[in-house]
Every structure is written in structure tokens, then in C-alpha cells.
Amino acid sequence: MVPVIQAARSPGLSTRLQGDTYIIENTRDTAPPFSLPLTLDCGQAFRFDQDHLGRWYGVAGDVLLCAQTVKERVEFYGVSADTAAFIDHYFDLSCDYAPLKELFCRRRPLRLAVEQFPGIRVLRQNAFEALCTFILSQNNNITRIKGLVQRLCQLTGQPFCSPLYPGRTFYRFPAPADLAGLEVSDLAPVRAGFRAKYLLDAARRVHAGQVDLERCRTLPIDEARQHLMQIYGVGPKVADCALLYGLYRTECVPMDVWMKRVMKELLPGGFPRYMRPYAGIAQQFLFHYARQNAALFKEKEPAAPAKDSLSIGG
DNA sequence: ACCCAGGTCGGCT
DNA sequence: AGCCGACATGGG
């Protein structure tokens, strides 16, 4: 129930630190190991953008990450040994996605999603950050969520500098203690609207130990979900996001409007039992697939997707 | 101006 | 248990 296939022997990826550049390659073929834009901008993390050179950069944990795809390789810049270890963890590089994708591809609709967007990976984000950012996500669009998170970090997070971007200031995501003592009025500059009070309730409960995020890593999944849902403003969807993205509970499938549409059309019977432990990862492929093929799934009522290309069932 | 956005809450049946 | 409007804000 815990991890995904750990595959220490054949992770499918090789990594090496050359100077301060951390290079990640695919050991199986010449294809890129994973897609930076798909992984960083597919609606799981909200702190990454592209700079004027096209490099992806953003704060994760305590550090600024800056990366680019160069000739079938992913390169991270300004990387220390500690940062390299963090990258391994954050991008879950010890997890081999090949057998997972093979599993998913046994169902045709999932195969279409995986084949169209093979570079997606589910990140291992900080649990409190995942909880908070998905509290901010509710009834909101991704562009604006990124703005809210950015302003929250500027207002309450710890500032630091990076030699990668001289003269700029970056901000870590606030710790529970950074938020627990604040009032809704203090968060006004964030412009989070009705979500501000939810955010503060989460911070206070985590800070007070009333909510134990780490315990949710191992609790039976229904108990973990209920434990998080004691937070005012956290329902089943946000709880599942915190569990999947922040606590690596890969059996969780956050059901937002898009996933409801795509499941109804493509997997009306739900995920097959054999992929249930990793259904959250399959979800990431389906979620992106649905959004990128919005015209097929946006229809309110029947308007089934083109049965020609999206055959139902397996 | 209008609609919607990776939902949840409180108040109804 | 399930439906429905309100909720703050602003991007397209």
C-alpha cells in the first residue's frame, strides 16, 4: 500500500553531477527521461515558471530549482550534492515509471492518455504546501492559483537569494508556524477571498499538532482522509490532493470536475483493481489528457467524445 | 458584462 | 444521502 514499484535495480534513469549541473538521462532509449513542462505545469505544483531562456525554475523545499531539457536529457543548474539528493526525492527518480505505464496501458483510454503525454511524473511535494495550495485551488483556475501562492509566499515565506538569478529574491513556502498566528486580515494582500480562513485553520491545526500530516502517510487511507477533513474548508477533493501530492498516497484519486467528466466517459467502472494502488498516478495522466482535449470532455450533458478515437471500454 | 475556475459549507428536502 | 446557492476574486 505504500510506495510505488521502487525498482532500485533498473530505474530506467541515470543521474550524474557534472560540476554543479545535475544530468538526468533515460537509460532505455534516447527519449527524454521525463517532461519538465508536463510535470511542473500539469496542475500538481503551482510554483514553477519559465524564464526568458526557456528554463523552468521555481522554489521547492528550501531551494530554487532551475532546469532545462537539452538533447534528450534534463539538466538542473547550480546543484550541490544536497540539492541533487533533493531532486532525486522531489521528482521521485527512484520510481520506475515504465512498469506503471505498462500497467495503465492495459486499458485503452488510459493508453491514449499515457501515449499522448508520456513525460508526466507525480512529484513528492512538501505535505503542508500541498495541503495549502490545494485549499487555495478550490473554485479557482490554475493561473490565479499560482498568483495566490506566489503572493502568500512573498508575504509570509522566508526570503532567500540564488546565484542562478542574481538580484532576485525568492521565497520559501511558509511553515505552519509562519501562518498560525495570523488573522484573515493579515492575508488580505494575498487576495485569497473566502479561502483565507480555510488556510489559517489548516495552519493552526497543523501547528498545534491537532492535524498530524506525517501520520497521514501511513494511516489507513479512509482514516487519513477523515483526519484531514477535520480542517475547515478541506473536503474529499482537497484531502486527496494533499494525500497524493504531499504524502505520496498514490492510491488517492482527487475527483475534480475534469476527473468526473473523464471517468464517466472513459472508465465508468472505475480503475481496475490491479492499478488501484497507483490510481493517483494514472489520474495525473487522465487529468492532463482531459484538459488538453477539453473539447471532448467539456460538454455538460451527453455529447460523448468522438468514439472513433476514444473507444470506450477496453 | 458574463462565465467559469483541480470545492466546500450550510441549509434544504 | 443528495441537491443547491453562496462564497471572493479575477482570467479569458
Side-chain angles (χ1 to χ4, degrees), chain A residues 37-49 113 117 120-123 125 127 129-152 154-155 182-205 211 222 225-247 249-267 271 279-301 303:
Chain A
L38 288 179
T39 298
L40 298 178
D41 214 26
C42 71
Q44 57 176 327
F46 301 100
R47 297 208 67 193
F48 290 91
D49 291 296
F117 304 107
I120 290 176
R121 296 181 71 88
V122 172
L123 300 167
Q125 300 183 62
E129 176 172 345
L131 173 63
C132 291
T133 57
F134 280 95
I135 284 173
L136 293 176
S137 80
Q138 60 181 271
N139 198 34
N140 216 338
N141 60 64
I142 290 179
T143 306
R144 213 173 83 83
I145 296 164
K146 290 173 78 166
L148 295 187
V149 173
Q150 174 61 27
R151 289 192 292 277
L152 175 67
Q154 278 184 36
L155 187 69
L182 301 182
E183 299 299 327
V184 167
S185 57
D186 296 320
L187 292 180
V190 178
R191 283 175 283 165
F194 62 86
R195 307 166 192 85
K197 56 183 181 291
Y198 300 159
L199 192 62
L200 290 180
D201 191 62
R204 287 169 187 154
R205 287 177 192 267
V211 166
D222 290 327
R225 191 180 287 112
Q226 291 307 314
H227 187 67
L228 293 177
M229 284 172 60
Q230 75 180 276
I231 298 166
Y232 183 51
V234 173
K237 194 273 179 182
V238 171
D240 279 354
C241 285
L243 288 165
L244 174 62
Y245 300 121
L247 294 163
R249 297 301 295 261
T250 58
E251 70 269 53
C252 285
V253 179
M255 290 298 284
D256 73 315
V257 287
W258 290 99
M259 281 306 295
K260 285 174 185 168
R261 292 170 191 154
V262 76
M263 289 301 286
K264 184 179 175 185
E265 295 292 345
L266 301 185
L267 289 175
F271 288 95
I281 295 175
Q283 172 269 159
Q284 203 62 35
F285 289 95
L286 282 177
F287 173 74
H288 193 70
Y289 180 78
R291 283 178 54 81
Q292 295 303 306
N293 297 279
L296 299 180
F297 296 98
K298 187 130 188 173
E299 313 306 325
K300 310 210 137 205
E301 286 317 303

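Just so you know, these numbers use all the heavy atoms, side chains as well, and skip hydrogens, waters and symmetry mates. Order of the sequence lines sets the chain letters (A, B, ...), proteins ahead of strands, with each chain counted from 1.
In this structure, Ile142(A) places its CD1 atom 17 Å from C1' of dT9(C), rounding to the nearest Å. Between Lys260(A) atom NZ and dG2(C) atom C1' there is a gap of 12 Å when expressed in whole angstrom units. Here dC4(B) presents its P atom at 19 Å from CD of Gln138(A), a figure rounded to the nearest Å. Atom CG in Leu148(A) sits about 13 Å away from atom C1' in dG6(B), given to the nearest Å. Rounded to an integer number of Å, the gap from CG of Asn141(A) to C1' of dG6(B) is 10 Å. When rounded to the nearest whole Å, the span between CZ of Phe46(A) and C1' of dG6(B) equals 7 Å. Rounded to whole Å, atom C1' of dG10(B) lies 15 Å from atom CE of Met229(A). Separating the CD1 atom of Ile135(A) from the C1' atom of dC7(C) is a distance of 16 Å, rounded to the nearest angstrom.
Considering only residues two or more places apart in sequence or on other chains, Phe285(A) meets the ring-ring contact (aromatic ring centres under 6.0 Å, His included) condition with none of them. Scored by the ring-ring contact (aromatic ring centres under 6.0 Å, His included) test, Phe117(A) finds His288(A) as partners (sequence neighbours excluded). Not counting sequence neighbours, the partners of Val184(A) by the side-chain contact (heavy atoms from CB on, under 4.5 Å) test are Ala196(A), Lys197(A), Leu200(A). Residues passing the side-chain contact (heavy atoms from CB on, under 4.5 Å) test with Ala239(A) are Arg225(A), Leu228(A), Met229(A), Val234(A), sequence neighbours excluded. Taking His227(A) as the reference, nothing meets the ring-ring contact (aromatic ring centres under 6.0 Å, His included) condition, with sequence neighbours excluded.
Taking atom P on both nucleotides, dC2(B) is separated from dA6(C) by 16 Å, rounded to a whole Å. As rounded to the nearest Å, dA8(C) and dG11(B) have P atoms that lie 15 Å from one another. Between the P atoms of dC4(B) and dG5(C), the separation comes to 14 Å (whole Å).
Here the closest non-hydrogen pair linking Phe194(A) and Gln138(A) is CE1-OE1, 3.8 Å. Contact record, Phe134(A) with Val238(A): O-CG2, 3.3 Å, taken as the closest heavy-atom pair.
In this model, the phosphate group of dG10(B) is approached by a side-chain N or O of Tyr232(A) to a distance below 4.0 Å at OP1 or OP2.
Looking at residues 182-201 of chain A, you'll see Arg191(A), Gly193(A), Phe194(A), Arg195(A), Lys197(A) sit with a heavy atom under 4.0 Å from some atom of DNA chain C.
The listed nucleotides are dG6(B), dT8(B), dG10(B); the one nearest the side chain of Gln283(A) is dG6(B). The Arg144(A) side chain lies nearest to dT9(C) when the options are dT8(B), dT9(C), dG6(B). The Asn139(A) side chain lies nearest to dA8(C) when the options are dG6(B), dA8(C), dC9(B).
Both Trp258(A) and Val234(A) lie near DNA chain B, and the one whose nearest nucleotide falls closer to the 5' end is Trp258(A).
Centre separation under 5.5 Å together with a plane angle under 30° does not hold for the ring of Phe134(A) and the six-membered base ring of dG6(B), so they are not marked as stacked.
Note on Gly43(A): a base of the nucleic acid sits closer than 4.0 angstrom, heavy atoms only. Counting any heavy atom pair closer than 4.0 Å across all strands shown, Met255(A) reaches no nucleic acid atom.
Here OG1 of Thr133(A) is found 8.0 Å from CD1 of Ile145(A). Values are rounded to the nearest 0.5 Å.
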